Every structure is written in structure tokens, then in C-alpha cells.
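Numbered from 1 within each chain, the chains take letters A, B, ... in sequence-line order. Predicted model only: the values in this text are computed from it and were never measured.
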2 protein chains.
Amino acid sequence: MSNLDQIAKLSGFSKATVSRVLNRSPHVSQATREIILKIMEELDYVPNGNAISLSTGETMQIGMVTEGINEVMLPFLNSFVETASRHGYQTIIYTSGGDPAKELQAFEDMRRKRVDALVISTCVNDQALLGSYCKYGPIVSWQRMELPEIQSVAMNQYDGYMLGLEHVIGRGYTRIANAWGRPASMNTFGRIQAYQDAARKYHLEVNQEWSQTGIFSIRQGEELIRRLLLIAGGPPNAILCANDMVAAGILSEARRLKVKVPEELAIVGFDNTELAHTLGITSINNPIGAQAQNALHLILGKLGGTEAGQQELEFQLVQRATT
Amino acid sequence: MSNLDQIAKLSGFSKATVSRVLNRSPHVSQATREIILKIMEELDYVPNGNAISLSTGETMQIGMVTEGINEVMLPFLNSFVETASRHGYQTIIYTSGGDPAKELQAFEDMRRKRVDALVISTCVNDQALLGSYCKYGPIVSWQRMELPEIQSVAMNQYDGYMLGLEHVIGRGYTRIANAWGRPASMNTFGRIQAYQDAARKYHLEVNQEWSQTGIFSIRQGEELIRRLLLIAGGPPNAILCANDMVAAGILSEARRLKVKVPEELAIVGFDNTELAHTLGITSINNPIGAQAQNALHLILGKLGGTEAGQQELEFQLVQRATT
DNA sequence: TTGAAAGCGCTACCAT
DNA sequence: ATGGTAGCGCTTTCAA
């Protein structure tokens, strides 16, 4: 493996000049540049990334913190990786599997200069603890954060959820169930608020048992609907879900149980993924890709680059066969 | 930010000794170790990862090369990230979006010592070209490779596909259609072979128009079945798919078109993902997670670590409502 | 336009 | 058990 020093010796110029050629400095004569480039070519030279990182203090790597890589965060991850790459940054995946200690590794890695910044998809550690890592580099979150130090690109879930609520209410459903996601998250909090406000405003029937948190997966959706249908005082006639996977589980289980959708049960998903399209599930479109781009732009701004502006984002309801 | 040199000065010991403490060398007295650890604590010291990488020549990072992050490669990615992390390696994502130049970036990054090894999920460059990067570090592939230098953890798709074929044949279907994936891949090649052998052995009706390549997505599945149903000489009565997404597309479109599944059309997916479970699609279980682990073990072996053995893997057919 | 040299922060060999 | 020191390969200031 050849290095910069060898190129310098062989070309008869100094390391400084070779470095200038590498970095396209204008202060190198055309002749010199050509000689050096030719030798680099002959030796099949490429600069060592680690050496560059150590010297410059930046790795051009951004860490993505997440509980796991799943269908829900896939569009976020994909869009982030793609956008970051266009700006010369690679993305490193840190999955915690729900283990706080493992998650913390990502933050320690920023402290150790292995990544220049972090973007949180979902996190499980105490937010105050995570906030203490802000001094080591930019941290931006997709998940909404209580902590002001960690900016979030999440949208106000209140608005999106209200869109779904008003849609089913407008179609005459009044016994509305909720399959909410992560109980402690701000996302869920906003959605609960929306439901409470709508219940009051539109005089909905309310039954505590109709609302559940901690429902994210297809299987959980399947189980949930089975339970809901057995509730004393009658089952709900509409359900809003934490995501499209839950909605898919509910839909397929409802079919197995011969419940007519949407006549006897209206189902609304969230995120408007391919799954919702395929199964014909009404869903709320969440511009996730754009949120990922906003996340990167926020990071680039904090890294001292060009402060790219944030895009304005909004939810949209896509009606399909389940409402 | 404190560094090793400061710790050395403050503690009164040399950098070498401090480094020994860092690396848990046994050749440090207990007393010395405690003094140094205490000072590290006080200064909130952590070693700089870049400096370590430059010095040791290894980054503890492995690159994952893929066209895009999608449902098909998700279990592979997830399992790989998880297993790698348990061995102290982080995973970096390189998505090409089908652009060879962008894909090559991953290989250049190994050359520049930004990653210690590469694992290919799918790749689009000429394999001979990629093979020339083997001298810069271990490369292992999920996708089957023609090149002997790049080992693959892919399973013989012939066997898996044959499992699906014999299943539908056993249930009396003889007009079998094929929705194959990437035309140029060895995976597809193995599956085509299986079909041809089965057609001969079981005297299947054969119609060129029933077999298509380049079908990966839900939407393509939807479109395909619409076309197949219009074919002169009659449509097929069974179809084997490149993956579960295609099967899902075919199933939902078939329902919309009032085609009875499985009476008029049997559908078999591939990979046995959650989607197949949810929609009740018969599918062929492909132990993808185990393949990812094999990939990492192969890499660790080549990196000079412990040569962990390869697990023996096999396909299984999971029957559900579509056959 | 070019060069010399001092970093960047750590590892590892050779002494003692 | 501990220290001295030469790397690892590049960037960047300061001079010339």
C-alpha cells in the first residue's frame, strides 16, 4: 500500500504539495499537479481515510440510532442514507433491540469521534442522559423529544390523527377505538390529545377499553381486534391504528372473523405505506422521507455547513376500501 | 477534550502505561491502574476511535452493499447488524440505487481503510471488477456469485424452488407460472433450472408467456397477474413468486378480479416473511438470518479471527391458504 | 508556488 | 512493571 510520503519522495515534491493536489488546492502549478497525479496513478494510490479523519477531526459518518430496523422506519432510514450520501456522509446503523446499554454505545461512539453526528429514529434511554451527549456533536431526532437540546423533525401527530378522526366521524362512525403505539412517546401523546379533543367536540361514545397503547405489529393488531370484539357494552365500529402494519393485522383478522369492513368496522392506518396501498387500507400519509431530509439538513447546519432550510410538511388522508 | 498524553502527564506515568491500562494489559500493577483510571474518570476521558484505527489499521466497521433497503433484505440486514455488533463491529450501509458508480464507492471505501470488510446483499457492477477489490479486504456475498474469489452464503435456490414446485404439482396444478426476480442473478438461474427440470419430470404444460423475470414488487405482481389472466390458450392455475411481496400483489389483485384462490389460482411466495403470515400466503422459508450470521463468520475468519463454523441451512415450505 | 515541520491521538516494539 | 520512541498517514500553519 502506497502512502502520501512515497508519492512525495518519488515525485520530488513535498508532502504538503502532494496533499494540495489531493485537495484540489489552486496553489499548485499545472505541471506539478500532472506529475504528481501520474505517479499516484502508477502506484494505484488512494489516501487513507482514517488518517484523514484523525487529522481533520471529522469522519464523514453519521450514526442512526434505532430500536430495530423495521417497516415503520424503513422509509426514514432509506431517505436518510440516500440524502446523507449525496452530501458525502455515510450512515452507520446502531440497533439497540430495546437495550439502553446497547443504545448508549452509539452515543459513546460519537464521543470517541467515530461518527460526527447522530440521528435518533427511536430511543429507549432517559432523554436527560442522552442530552448530556449534545456537547460531543449534533443530535437530531425523528421521534419527538421532550428535551429542548435535541431537535426533532417529527411532525405534530395531533394534526394527522385529527385528520383520521374527522374522516371516520364524517362518515358516521361514533364508537371509535384507538390502537396507539409506544406509550411514553410524544407521538402517542399528541394522538391521545387529538382523540380526547375530538371526543369532546363531536360527542363521541367513549369506552376506556377501546383504547390501547403499545400496539405496533401485525400480530398485536390481530390479537387486539379479537379482544375488542368481545367487549361488554358492544365493540367499537371504527379503529385508528398506530401504523399500517397494525391496520393490516386488524383487517385480516376481521375478515377471518367475518366482520364486515367497512360496514361493521372502519379501519384507518398510519404512514400510508405500500402495505396500505396493497391491502386497500385507508391511511394517513406521513411525509417520512421529507422528515429524514430535514433531519440531515439540521445536522449539516450544526456541523457548520450550509444551513439548508427546512421543508414545510403536512399530513394527508388517503381514502381506500376500509372506511 | 482530553487525550492520552494528558492522562500520562497528570498521572506521572508514560503513555505506554496508560495505553496498557486502556487495553487491559496484565503488565500493570494494580496501584498504577487505579491511579490512572481515577484520572481518566476525572477528566472524562475516552480514547479517540480514529487514532486507534489509524494505529491498528482496523476500523471495526463492515460495509453492507445493497441496491436499496427493502423488505426483502431487511431480515438479512437486521441479523447482520445484530451479529456484527455482538462481535464489536459496526455496520455501514452503502445503497447504490442501481448506480454502478455509487456502488463502487463502497469498494473504494474499503480500499481507503474506512471499512475492514464488505458484505454484498445485491450488487450491480461487473463481478470481475468487484473481484479486483478482494486484495483490499474480505468480501462476502449474500447474492450468489459467479466469481470464485467472492464467497457467497446464498443457498441453492434450486432446492427451495423445487420444494414449491413439487408442492403445487402434488396438489394437482399443472399450468404453473413463474414470477422470477433479477434476470441476471444466479438465484434466478437456479430457480429457472428447477422449473425446467420439474416441467420435464412431471410433464407440465409449458407456455413461454407464463414465465417472466424482473418481478420484485407488489405493484409488479399486481400488473403481472392482470396480464397472465388474458393470455391466449388460457391462464396458468398456479404461480410461484420471487418473493412474498410479489405474491401479496398477485393475491390482492386476484381478489379484486374475482379469481378464486386457491381453487382457480394457487400462489406460492418466497422467504416466508411476516407479510406471508399475515395474508395467509403459502411460502418457502428461507433461513435468511442464519445466512447473515454465516456471512459474518466468514468475514471474521478472513480477518484472522476465530474461524467460526458455518451453520447448515435448509429450506422449508410453509403451507397456508393460497395453495 | 513550494517546503519544513508540528501536529492529530494512539499502539507497539525494544529497553530497562 | 514501566518508559522511550518510532511509527500510523494525512493536514495545516508558517516561511521562503
Side-chain angles (χ1 to χ4, degrees), chain A residues 1-37 39-40 43-61 108-116 136-137, chain B residues 1-37 39-40 43-61 88 108-116 136-137 304:
Chain A
M1 288 266 49
S2 54
N3 60 24
L4 188 143
D5 202 41
Q6 291 175 30
I7 305 292
K9 295 237 166 68
L10 279 171
S11 68
F13 292 95
S14 69
K15 296 201 309 184
T17 300
V18 176
S19 176
R20 286 186 190 104
V21 170
L22 238 33
N23 296 294
R24 292 167 174 57
S25 156
H27 306 298
V28 183
S29 76
Q30 190 55 32
T32 305
R33 184 185 307 277
E34 275 164 19
I35 293 171
I36 291 177
L37 283 175
I39 294 183
M40 286 179 174
L43 291 201
D44 200 31
Y45 168 79
V46 276
N48 179 309
N50 282 128
I52 296 176
S53 288
L54 177 59
S55 192
T56 60
E58 50 187 31
T59 60
M60 303 306 281
Q61 296 183 156
E108 283 296 320
D109 265 18
M110 180 158 78
R111 202 169 150 212
R112 311 180 158 224
K113 311 280 184 205
R114 304 240 57 150
V115 296
D116 294 337
Y136 302 117
Chain B
M1 289 266 50
S2 54
N3 61 23
L4 188 144
D5 201 40
Q6 291 175 30
I7 305 293
K9 295 239 167 67
L10 280 172
S11 68
F13 292 94
S14 70
K15 296 201 312 184
T17 299
V18 176
S19 175
R20 285 185 192 105
V21 170
L22 238 32
N23 296 293
R24 292 167 175 58
S25 157
H27 306 297
V28 183
S29 75
Q30 191 54 33
T32 306
R33 186 185 306 277
E34 275 164 18
I35 293 172
I36 291 177
L37 283 175
I39 294 183
M40 285 180 175
L43 292 201
D44 199 32
Y45 168 80
V46 275
N48 179 309
N50 281 128
I52 296 176
S53 288
L54 177 59
S55 192
T56 60
E58 49 187 31
T59 59
M60 304 306 283
Q61 297 183 157
E108 283 296 321
D109 265 18
M110 180 157 79
R111 201 169 150 212
R112 310 181 157 222
K113 310 281 184 205
R114 303 241 58 151
V115 295
D116 294 337
Y136 302 117

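A/Asn23 comes within contact range of the sugar-phosphate backbone alone, with a heavy-atom separation under 4.0 Å but no base atom that close. Contact annotation for A/Gly49: no contact, since no heavy-atom pair falls under 4.0 Å across all strands. Among the heavy atoms of the strands lying under 4.0 Å from A/Leu54 is at least one base atom, whether or not backbone atoms are also near.
Closest to the side chain of A/Phe13, from the set C/dG3, D/dC10, C/dG9, is C/dG3. Considering only the side chain of B/Thr17, D/dT2 comes nearest among D/dC10, D/dT2, C/dT11. Side-chain proximity of A/Ser19 to C/dC10, C/dG3, D/dT11: nearest is D/dT11. With distances taken from any side-chain atom of A/Arg20 to the nucleotides C/dT11, D/dG3, D/dT13, the minimum falls on D/dT13.
Between B/Ile52 atom CD1 and D/dG9 atom P the separation is 17 Å, expressed in whole Å. Distance, B/Asn48 CG to C/dT11 C1': 13 Å, rounded to whole Å. The distance from atom CD of A/Gln6 to atom P of D/dC10 is 9 Å, rounded to the nearest whole Å. Across the protein-nucleic acid pair, A/Leu22 atom CG and D/dT11 atom C1' stand 10 Å apart, rounded to whole Å. For B/Leu4 and D/dC8, the CG to C1' distance is 15 Å, given to the nearest whole Å. Spacing between atom CE of A/Met40 and atom P of D/dG9 amounts to 15 Å, rounded to whole angstrom units. A straight line from NZ of B/Lys15 to P of D/dC8 spans 15 Å, rounded to a whole angstrom. A straight line from CE of A/Met1 to C1' of D/dG7 spans 18 Å, rounded to a whole angstrom.
In this structure, the side chain of A/Ser11 engages the main chain of A/Ile7 through a donor-acceptor pair within 3.5 Å. Side chain of A/Asn23 to backbone of A/Ser25: no donor-acceptor contact under 3.5 angstrom is found. Counting only distance, with no hydrogens or angles, the side chain of B/Thr56 and the backbone of B/Ile52 share a donor-acceptor pair below 3.5 Å.
Donor-acceptor pairing under 3.5 Å, judged by distance alone, is absent between the side chain of A/Arg112 and the base of C/dG9. One N or O donor and one acceptor, one from the side chain of B/Ser55 and one from the base of D/dG7, sit under 3.5 Å apart.
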Margin query: Could you go through B/Tyr45 and B/Leu4, starting from their C-alpha distance and side-chain angles, then the distance that decides it, and tell me whether this counts as side chain to side chain contact (heavy atoms under 4.5 Å, CB included)?
Written below: CA-CA 8 Å; B/Tyr45 168 80; B/Leu4 188 144; 3.8 Å; yes
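At a non-hydrogen distance threshold of 4.0 Å, nothing from residues 27-37 of chain A comes into contact with DNA chain D.
Side-chain contact check for B/Arg20 versus B/Ile36: every heavy-atom pair is 4.5 Å or farther apart.
A distance of 9.5 Å separates CG of A/Asn48 from OG of B/Ser53, quoted to the nearest 0.5 Å.
Relative to the axis of its first five pairs, the axis of the last five pairs of the helix from C/dT1-D/dA16 to C/dT16-D/dA1 sits at 30°, rounded to 10 degrees.
Nearest approach of B/Tyr136 to B/Met110, heavy atoms of both residues: O-CG, 3.8 Å. Taking both residues in full, the closest heavy atoms of B/Ser29 and B/Thr32 are given as OG-OG1, 2.6 Å, listed atom of the first, atom of the second, then distance. Here the closest heavy-atom approach between residue A/Arg114 and residue A/Thr59 is recorded as O-OG1, 3.5 Å. Heavy atoms only, all atoms of each residue included: B/Leu43 and B/Ser2 are closest at O-OG, 3.5 Å.
Taking 4.0 angstrom as the limit, B/Thr56 places none of its side-chain polar atoms (N or O) nearer than this to OP1 or OP2 of C/dT11. Contact check, A/Asn3 against D/dC8: no side-chain N or O comes under 4.0 Å of OP1 or OP2. For B/Ser14, no side-chain nitrogen or oxygen approaches OP1 or OP2 of D/dT2 to under 4.0 Å.
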